[in-house]
Chemist: 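My questions will all concern the structure given below.
We're numbering straight along the sequence, starting at 1.
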Amino acid sequence: MKIRNAFITACALAVATFAPRAARAQETAVRFSGAAALALPAGDLGNAADVGYSLALRGEARLWAPEWKFRGDLSYERFPGRGIVDDYSYLGLAGNMVHRTIGDRLYEFGGLGLYGGTTAFNNQLNQSATNLGLQMGLGLDLAPGPHTPFMEFGLTNVFTAGSNTLWFPVRFGVRF
């Protein structure tokens, strides 16, 4: 009887110890997502452009701790210009650290990126430059599951000549 109780106790302890690891091991190593956003220009860009849009494709990979992930973003932003400027557009490639508290749907992200910006003028002349920038923000997973809808509020700050170029993307997307 003592041996049977000790065996049952040992099995229960083993299940309690290894079950969370097994559940994490079933998670895919990389998850992809797509997102669309309204991009709200701020600062000098806000004075020269109207509300734009953003499209993003991403890959997110697990790191050393379950609450930390690395995310690579490929994004395109376009803002209709005012006056002599037809539009402002940015093609970005960024790497972000994503922090998620286990069991919580709220997460934070931040990282660095390269942004190729083009200003298209009405007279068909364009100016282009590539600059370093920062991304940061908060996100919320709207529902659990294999296809997770999410919403993010972010800030993108591109270090351009003169003053920085700023916009606030409000993203909606699906992680799969």
Side-chain angles (χ1 to χ4, degrees), residues 17-46 49 51-79 88-118 128-176:
T17 302
F18 296 113
R21 288 185 184 160
R24 278 197 306 260
Q26 292 175 358
E27 247 183 65
T28 58
V30 177
R31 290 187 74 183
F32 295 96
S33 62
L38 285 177
L40 310 168
D44 287 346
L45 182 61
V51 172
Y53 67 89
S54 174
L55 301 172
L57 295 174
R58 304 163 160 179
E60 190 173 289
R62 290 181 296 176
L63 292 176
W64 63 91
E67 56 276 336
W68 287 99
K69 296 191 177 175
F70 177 79
R71 181 174 78 195
D73 293 14
L74 176 63
S75 63
Y76 175 76
E77 283 85 17
R78 183 181 181 280
F79 301 92
Y88 299 91
S89 60
Y90 299 89
L91 181 61
L93 181 62
N96 289 297
M97 295 296 293
V98 179
H99 178 258
R100 297 173 183 275
T101 304
I102 297 192
D104 195 6
R105 297 182 337 180
L106 187 66
Y107 58 94
E108 336 39 73
F109 63 91
L112 293 171
L114 285 176
Y115 296 87
T118 301
S128 298
T130 300
N131 297 292
L132 187 65
L134 297 172
Q135 283 187 355
M136 63 188 84
L138 294 171
L140 177 67
D141 290 332
L142 300 175
H147 304 291
T148 307
F150 63 89
M151 185 168 104
E152 290 181 353
F153 300 96
L155 166 68
T156 302
N157 180 8
V158 179
F159 305 117
T160 53
S163 63
N164 293 347
T165 301
L166 302 166
W167 64 87
F168 295 95
V170 180
R171 293 184 188 98
F172 296 92
V174 176
R175 192 174 301 107
F176 46 93

Chemist: Could you measure the distance from the OG1 atom of T165 to the OH atom of Y90? Nearest 0.5 Å is fine.
Modeler: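 The OH atom of Y90 is 4.0 Å from OG1 of T165, to the nearest 0.5 Å.
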Chemist: I need the minimum non-hydrogen distance between A49 and F79, along with the two atoms involved.
Modeler: CB-CB, 3.8 Å
Chemist: For R31 and T148, test the side chains for any donor-to-acceptor distance below 3.5 angstrom and give the result as yes or no.
Modeler: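 Short answer, yes.
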Chemist: Using a 4.5 Å cut-off on heavy atoms from C-beta on, say whether the side chain of H99 contacts that of W68.
Modeler: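 Of all side-chain heavy-atom pairs linking H99 with W68, at least one is under 4.5 Å.
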Chemist: Just by distance, do the side chain of N96 and the backbone of G111 share a donor-acceptor pair under 3.5 Å?
Modeler: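 Between the backbone of G111 and the side chain of N96 there is a qualifying donor-acceptor contact (under 3.5 Å).
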Chemist: Looking at every heavy atom in both A61 and V30, which two are closest together, and how far apart are they?
Modeler: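 Looks like CB-CG2, 4.1 Å.
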Chemist: Hydrogens and angles aside, do Y107 and E152 bring a side-chain donor and acceptor to less than 3.5 Å of each other?
Modeler: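 Yes.
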Chemist: Taking all non-hydrogen atoms of both residues into account, name the closest pair between A42 and F168 and its distance.
Modeler: CB-CE1, 3.7 Å
Chemist: Got a sec, which residues hit salt bridge (Lys or Arg N to Asp or Glu O under 4.0 Å) with D44, two or more places apart in sequence or on another chain?
Modeler: none
Chemist: Supply the atom-to-atom distance Y76 OH to L55 CG, rounded to the nearest 0.5 angstrom.
Modeler: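 If I round to the nearest 0.5 Å, the distance is 8.5 Å.
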Chemist: With respect to R100, which candidate in E60, E67, E108 satisfies the salt bridge (charged side-chain N to carboxylate O under 4.0 Å, His left out) definition?
Modeler: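 The option that passes is E60.
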Chemist: Working to the nearest 0.5 Å, report the span between NZ of K69 and CZ of R71.
Modeler: 11.5 Å
Chemist: If you apply the rule side-chain contact (heavy atoms from CB on, under 4.5 Å), what do you find for L166 with L45, and how did you get there?
Modeler: CA-CA 7 Å; L166 302 166; L45 182 61; over 6 Å; no
Chemist: For the residue pair E77 and S54, confirm or rule out a side-chain donor-acceptor distance under 3.5 Å.
Modeler: yes
Chemist: Kindly say whether D141 contributes a backbone atom to a donor-acceptor pair with the side chain of R105 at under 3.5 angstrom?
Modeler: yes
Chemist: If you compare all heavy atoms of Y115 against all heavy atoms of A94, which two are closest, and at what distance to 0.1 Å?
Modeler: OH-CB, 4.1 Å
Chemist: Which value, rounded to the nearest 0.5 Å, describes the distance between M97 atom CE and L112 atom CG?
Modeler: 11.5 Å
Chemist: Would you mind reporting whether L140 and F153 have side-chain heavy atoms less than 4.5 Å apart?
Modeler: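 Heavy-atom side-chain distance check fails, nothing below 4.5 Å.
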Chemist: For the CG atom of N157 and the CG atom of N164, what is their distance to the nearest 0.5 Å?
Modeler: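 Taking CG in N157 and CG in N164, the distance rounds to 4.5 Å.
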Chemist: side-chain contact (heavy atoms from CB on, under 4.5 Å) for V158 and W167? Distances and angles first, verdict last.
Modeler: CA-CA 9 Å; V158 179; W167 64 87; 3.7 Å; yes
Chemist: Using the side chain to side chain contact (heavy atoms under 4.5 Å, CB included) rule, pick out the option among T130, L74, T118 that qualifies with L91.
Modeler: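 That would be L74.
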Chemist: So, for F70 and G95, which heavy atoms are closest and what is the spacing to 0.1 Å?
Modeler: CZ-CA, 3.7 Å
Chemist: To the nearest 0.5 Å, how far apart are OG1 in T156 and CD in Q135?
Modeler: 5.0 Å
Chemist: Please report the closest heavy-atom contact between F32 and G59, naming both atoms and the distance.
Modeler: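 Minimum heavy-atom contact is CD2-CA, 3.9 Å.
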